[in-house]
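A note on names: the letters A, B, ... follow the listed sequences, proteins ahead of strands, and every chain is numbered from 1.
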Protein chains: 4
Amino acid sequence: MTEPKGRKGRETKRRLLKAAAREFANNGFHETKVSTIVKNSGLTQPSFYLYFSSKDAVFEELVTSFQSKIIKLSESVRLEGGIESNDIAKRIVMIIESVFQFLVQDPDLTRIGLFLSPNAKQIRNELTQIVKSNLEAEQRLGYFRYNLDMEIVAECIIGVIEHYTATHLLSGSKEPHILAQQIVDLFINGMLPKGDSIKTT
Amino acid sequence: MTEPKGRKGRETKRRLLKAAAREFANNGFHETKVSTIVKNSGLTQPSFYLYFSSKDAVFEELVTSFQSKIIKLSESVRLEGGIESNDIAKRIVMIIESVFQFLVQDPDLTRIGLFLSPNAKQIRNELTQIVKSNLEAEQRLGYFRYNLDMEIVAECIIGVIEHYTATHLLSGSKEPHILAQQIVDLFINGMLPKGDSIKTT
Amino acid sequence: MTEPKGRKGRETKRRLLKAAAREFANNGFHETKVSTIVKNSGLTQPSFYLYFSSKDAVFEELVTSFQSKIIKLSESVRLEGGIESNDIAKRIVMIIESVFQFLVQDPDLTRIGLFLSPNAKQIRNELTQIVKSNLEAEQRLGYFRYNLDMEIVAECIIGVIEHYTATHLLSGSKEPHILAQQIVDLFINGMLPKGDSIKTT
Amino acid sequence: MTEPKGRKGRETKRRLLKAAAREFANNGFHETKVSTIVKNSGLTQPSFYLYFSSKDAVFEELVTSFQSKIIKLSESVRLEGGIESNDIAKRIVMIIESVFQFLVQDPDLTRIGLFLSPNAKQIRNELTQIVKSNLEAEQRLGYFRYNLDMEIVAECIIGVIEHYTATHLLSGSKEPHILAQQIVDLFINGMLPKGDSIKTT
DNA sequence: GATGAATGAGACTTCATTCAT
DNA sequence: CATGAATGAAGTCTCATTCAT
């Protein structure tokens, strides 16, 4: 609750956060018991309340941490946009890969921020908007079909990212880089054999 | 716990299931209390245990119900596949639309079966496999690029379906038919202007 | 929390209220444990919460009960005023005695309502106002010195009542009737030998 | 726990006592937390235990302090009694006023010693005895009605003092001197118009 | 088929107090 | 003289579940 002042306190708090993240990610908010968290941190229950005002508070702190990290990520992505390579596909691959890299880096936190948090919806929304505005800029430059609604595209990409994160990424059964390439190939080139095109309306 | 024999019993059980579904869908498993379910059904707690052996049991029953319905759906989809028109895009649109229609039909049940259930992962897997095998059949017929890994495509489609279901479908803010068209257009034709093609590896 | 519906429930609630009153009266709010209350009622803790939403709630219910009883008392006192005997002193004795009788009737409740409740101050205030307005009426009829501030008198009487209630009445070491007589004698006739009078300002 | 030796130590202890008194007076014993006391003293919890062996100990120390001060007061009152004027009413006014003055001087301590302490009853008893023996002496000198039980009178006076202390004195809404005059007037002269006298038994 | 009443088990949280520095 | 960190003990409350009618 009061921020720890010495090295030992900071260390203890980190341990608690880590243990909490693991429990939340594995068992969800309600199945996670404070007693388990402290046991896994080698502490007793009152110590927990030395660092967090409640069980909700740790959860919140983890969510906030995820949120602020993801904001940093999206900013850095935007920056790289400036040095933009002339190969549009490669650029998108890189972006998606870096998103995957970020998400896979701390799987517990990702599961909490992206799937467990009540804010999750809002976080996804923000991500969608970022992707959308990026895509629209590129669409205006002629890289993409002019008649494509980039909102839809953005939603689809986010959906795919969510899905893969939940199913293959956090479990480590797919490589971020390869995955990004395959997804982008699909979205960029579509499913038809080369040269074909179909009207769907 | 034993199946109700009389008409009144069946009716009561249905009321309980409905109330339970609403609570689970809105608040999740743990936030849902048996006391609330029975209150909303105009019953008392012991009555609840006349029809279900536990809170877990109702939840399970709802999940199972969703699961069996979705199996029926996928079978009917496969059947229609046999009689189908030669326009591949339209066919896919129809399939996806019918999935959306199914999911939107009972939003509470969908949220439970698709997002809340611990089986959700497995259910999604099954769906993915069905989609994949369908797509592969069509790929062999030359409808799709031969070098496309249909596992990837299937996963992406499922991801998109999940995402839209969670964000726009259950809330009623998008029409299943239009949505299906837009998604399929993207997947079929890709994002590039007509005629272009890009190597992503 | 929900009012008991059957005879057994009402009986149980009464038992809880009684046990609670005894504990509160003897040990104060904080030293009183719900666990003790239920033990003394032959129940388990959850049963307590079947009848009261919290520990605060029982306390409040007891205070309210005291408060409403005292209001009834003061009304009945006012009524008796109508049949007013022509002996003013006797009338006052009777009133004070009936107050003592009331307070001594349920000592636990009295201790709670008069000394432990955060409302106690307010309750005393109300009592003071009632006494004061009664006295003023009698003052206007010429029974009392015209230059006496009846607010002061009322406060003194209430103070004395409180004091005796706390020290001798609830412990049973003084008889209400005799006590009332002695107090009234003092207030009415003062301390001086007959005929004397002293200026105090 | 051991008495502080240095100047700084004594100063710190005084700060703790003061903070403790304020908390106890405002919130009662149980609502008062050691953590709050030390916070308001700009100290940490272990420091508290450097000066007091427990929470009970500080409280006790405050009560004892009040008690010893009140003993000094009653002694000084007795002394002044010896040198006193022959105007009995004025003398009593002065005594009561000096009691009020004393009580109002440190309101926190008064609230603790007179109302919060478990010893309060005993303290009041002692006070009552002192007042009683004083009054009896004066009664023997013929100042007061011979048939008046001075125990009763003493109890009443103490009751009134308590009441006014709790309601108007500590809050500052009445002046000690004026209050004392009005009370004494009532007790000395009674409520009847001059010359009247009533039998109450 | 239904209900009023009761409970076992366990979760979160608080607080006075101490350890080690 | 003082502090950052830690803990034992205990209390309030909740909830799924069952008993007895």
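Within the 4.0 Å cut-off from OP1 or OP2 of dC12(E), at least one side-chain nitrogen or oxygen of Lys55(A) is found. Note on Thr12(C): a side-chain N or O is less than 4.0 Å away from OP1 or OP2 of dA6(E). Between dT3(F) and Thr44(D), a contact under 4.0 Å exists linking OP1 or OP2 to a side-chain N or O. Under 4.0 angstrom from either OP1 or OP2 of dT7(F) there lies at least one side-chain N or O belonging to Ser47(A). Within the 4.0 Å cut-off from OP1 or OP2 of dT13(E), at least one side-chain nitrogen or oxygen of Tyr49(A) is found.
Residue Tyr51(C) is classed as a sugar-phosphate contact, given heavy-atom separations below 4.0 Å to backbone atoms only.
Following rounding to the nearest Å, Phe48(B) (CZ) and dA5(E) (P) show an atom-to-atom distance of 22 Å. The CG atom of Leu43(A) sits 15 Å away from the C1' atom of dC19(E) (whole-angstrom rounding). Rounded to a whole Å, the CZ atom of Arg14(D) is 17 Å from the C1' atom of dC1(F). Computed from coordinates, the Asp56(A) CG to dA11(E) P distance equals 16 Å when rounded to whole Å. Rounded to whole Å, the distance from CZ on Phe52(D) to P on dC15(E) is 20 Å.
If one axis is set at each end of the helix from dA2(E)-dT21(F) to dT21(E)-dA2(F) from five pairs, those axes are 30° apart, to 10°.
Ring orientation note: the planes of Phe59(C) and Phe29(C) are nearly perpendicular, at an angle over 60° on the 30°/60° scale.
For Glu126(C), the CD atom counts as densely surrounded, since its 6.0 Å shell holds more than 12 non-hydrogen atoms of other residues, nucleotides or ligands.
Within residues 25-33 of chain B, the residues having any heavy atom closer than 4.0 Å to DNA chain F are, in order of number, Thr32(B), Lys33(B).
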